[in-house]
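A short worksheet on the structure shown next.
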Number of protein chains: 2
Amino acid sequence: MKRNGKLSASLHALLHMAERPERPMTSEEIASWLNTNPVVVRRMVAGLRDAGILSSARGHGGGWTLARPAETITLAEVTAALNERLIAFSTEPENPRCLVERAVNDALDGVRDEIEHLLSQRLAQVTLADIAAQCGPGVAAHLENRHAH
Amino acid sequence: MKRNGKLSASLHALLHMAERPERPMTSEEIASWLNTNPVVVRRMVAGLRDAGILSSARGHGGGWTLARPAETITLAEVTAALNERLIAFSTEPENPRCLVERAVNDALDGVRDEIEHLLSQRLAQVTLADIAAQCGPGVAAHLENRHAH
DNA sequence: CTGATTTGTAACTAATAAAGTTACATGAAA
DNA sequence: TTTCATGTAACTTTATTAGTTACAAATCAG
């Protein structure tokens, strides 16, 4: 998995699950799609389970399944469940007593809050089903070609 | 300097320069404000010089000065000059032949482009002078207190 | 019940990216 | 002509992230 690739990787996994909602998928399978290993997958999607987006089952025939229909899962929810900070600039003070630094960081914090809010709104407009539709109308008919690794 | 702290640090430095536009400030001085060292400062602000925001002078009495008034320098320009990517999620493909992954990354790329544009618009509304004004009306009268390290 | 299978997690290791450092060249002023 | 400053390349250090190993806990098939 690429660095800072958790959002992309999670969505990738969720979409494959959306294609076969009836069948639980193991961390092992998911890991092979994402070029990573099962433990990383479990760690990554643990938040999605806690957020009620996925359910997991242990043991024989276990694995991961969508906890609700793809139409009801927005990218905003997925993003929030991952606890990733998407806006990258730091506003940690280097010297808290400097008023100039404080003013700079306050201004940047304000901008970040606004932009995170806008980002969240924008991500809330897209569901997993919307992206699945973008895979092309032929995709549903060619399941076996979707992962030609 | 903190990680991903270049935007904050650069603005911090620029504001101190805006306070004394007549006097060139050395990389050494700036570095001490930012808790870092002069070479890191030079590297960081090189882009600001190239963008016409700062001018530099070598030798005796040299250093860095604002190339134009603080009222005309927006945060958007500063951000662009730093060549930092502020939206942090990766959309590098893990497996380019997977249509699902492509659809996910295309969607995310679209969102990122939109948000980066909004961010840039928002940052364009704020000038260095605006932030200086936020330091409080008393600041100009107490220059010596602004860096009580 | 027992063994196979799968998630859950802690602890550790490796890779990567970012900042810091050293070294030295270049240019300007005293 | 010495001192002070930027400019930059090469290298080192640090912090973060991903990857790995190891093992416990749960579930199901037989």
Side-chain angles (χ1 to χ4, degrees), chain A residues 1-10 12-13 17 23-51 53-67 81-92 94, chain B residues 1-10 12-13 17 23-51 53-67 81-92 94:
Chain A
M1 186 167 62
K2 296 285 187 304
R3 239 174 204 233
N4 297 328
K6 283 199 281 209
L7 178 56
S8 171
S10 298
H12 183 179
M17 291 182 221
R23 189 185 128 208
M25 300 213 163
T26 66
S27 306
E28 195 91 44
E29 287 177 281
I30 297 169
S32 78
W33 298 337
L34 306 183
N35 286 327
T36 182
N37 78 46
V39 178
V40 171
V41 170
R42 284 181 207 123
R43 250 185 340 223
M44 178 175 81
V45 300
L48 302 179
R49 182 196 54 220
D50 298 344
I53 293 168
L54 286 178
S55 7
S56 61
R58 292 174 160 187
H60 237 103
W64 301 90
T65 47
L66 289 188
L82 292 173
N83 298 316
E84 273 197 317
R85 170 129 279 133
L86 298 184
I87 311 280
F89 56 83
S90 161
T91 52
E92 288 288 296
E94 208 68 64
Chain B
M1 185 168 63
K2 294 288 187 302
R3 236 175 207 228
N4 298 327
K6 284 200 282 211
L7 178 56
S8 171
S10 297
H12 184 179
M17 291 181 220
R23 188 185 128 208
M25 300 213 164
T26 67
S27 306
E28 196 90 45
E29 288 176 281
I30 297 169
S32 79
W33 296 337
L34 307 182
N35 286 327
T36 181
N37 79 46
V39 178
V40 170
V41 170
R42 285 181 203 120
R43 247 179 351 216
M44 178 175 81
V45 301
L48 302 179
R49 181 195 56 221
D50 298 344
I53 293 167
L54 286 180
S55 8
S56 62
R58 292 174 159 186
H60 236 104
W64 302 90
T65 47
L66 289 188
L82 292 174
N83 297 316
E84 271 197 319
R85 168 127 284 131
L86 298 185
I87 312 279
F89 57 82
S90 161
T91 52
E92 288 286 298
E94 208 68 63

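In the text below, chain A, chain B and the rest are named by the order of the sequence lines, each starting its count at 1.
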Write down the distance between [atom1] ([X]) and [atom2] ([N]), rounded to a whole number of angstrom.
X	N	atom1	atom2	value
A:H60	D:dC28	NE2	C1'	7 Å
A:K2	D:dG19	NZ	C1'	14 Å
B:E92	D:dA18	CD	C1'	16 Å
B:W64	D:dT6	CH2	P	7 Å

Could you check if a side-chain atom of B:L48 sits within less than 4.5 angstrom of a side-chain atom of B:L82, using non-hydrogen atoms only?
yes
Could you check if a side-chain atom of A:R42 sits within less than 4.5 angstrom of a side-chain atom of A:P38, using non-hydrogen atoms only?
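Yes; the side chains approach each other to less than 4.5 Å.
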Does anything in residues 41-49 of chain A reach DNA chain D, meaning a heavy atom under 4.0 Å, and if so which residues?
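Within residues 41-49 of chain A, the residues near DNA chain D are A:R43.
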Does atom CD (A:E28) have a neighbourhood of more than 12 heavy atoms from anything else shown, all under 6.0 Å?
no
Hey, which sits more toward the 5' end of DNA chain C by its nearest nucleotide, A:M25 or B:M1?
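Whichever sits nearer the 5' end wins; that is A:M25.
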Can you work out whether B:K6 or A:G62 has the more 5'-proximal nearest nucleotide on DNA chain C?
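Between the two, 5'-proximity favours A:G62.
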5' to 3' on DNA chain C, which nucleotides open and close the contacts with chain B (atom under 4.0 Å from a heavy atom)?
C:dA17 to C:dA29
Nearest of D:dA22, D:dG7, D:dT16 to any side-chain atom of A:R3?
D:dT16
Which sits closer to the 5' end of DNA chain D, A:T36 or A:G61, going by the nucleotide each is nearest to?
A:T36
Please determine if a side-chain N or O atom of B:S56 lies less than 4.0 Å away from the OP1 or OP2 oxygen of D:dT6.
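No, no such contact exists.
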Counting only side-chain nitrogens and oxygens, does A:N37 get under 4.0 Å of the OP1 or OP2 atom of D:dT20?
yes
Where do B:L54 and B:L66 land on the side chain to side chain contact (heavy atoms under 4.5 Å, CB included) test, with the steps shown first?
CA-CA 5 Å; B:L54 286 180; B:L66 289 188; 3.8 Å; yes
Difference in axis direction between the ends of the helix from C:dC1-D:dG30 to C:dA30-D:dT1, five pairs, 10°
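The two end axes of the helix from C:dC1-D:dG30 to C:dA30-D:dT1 meet at 0°.
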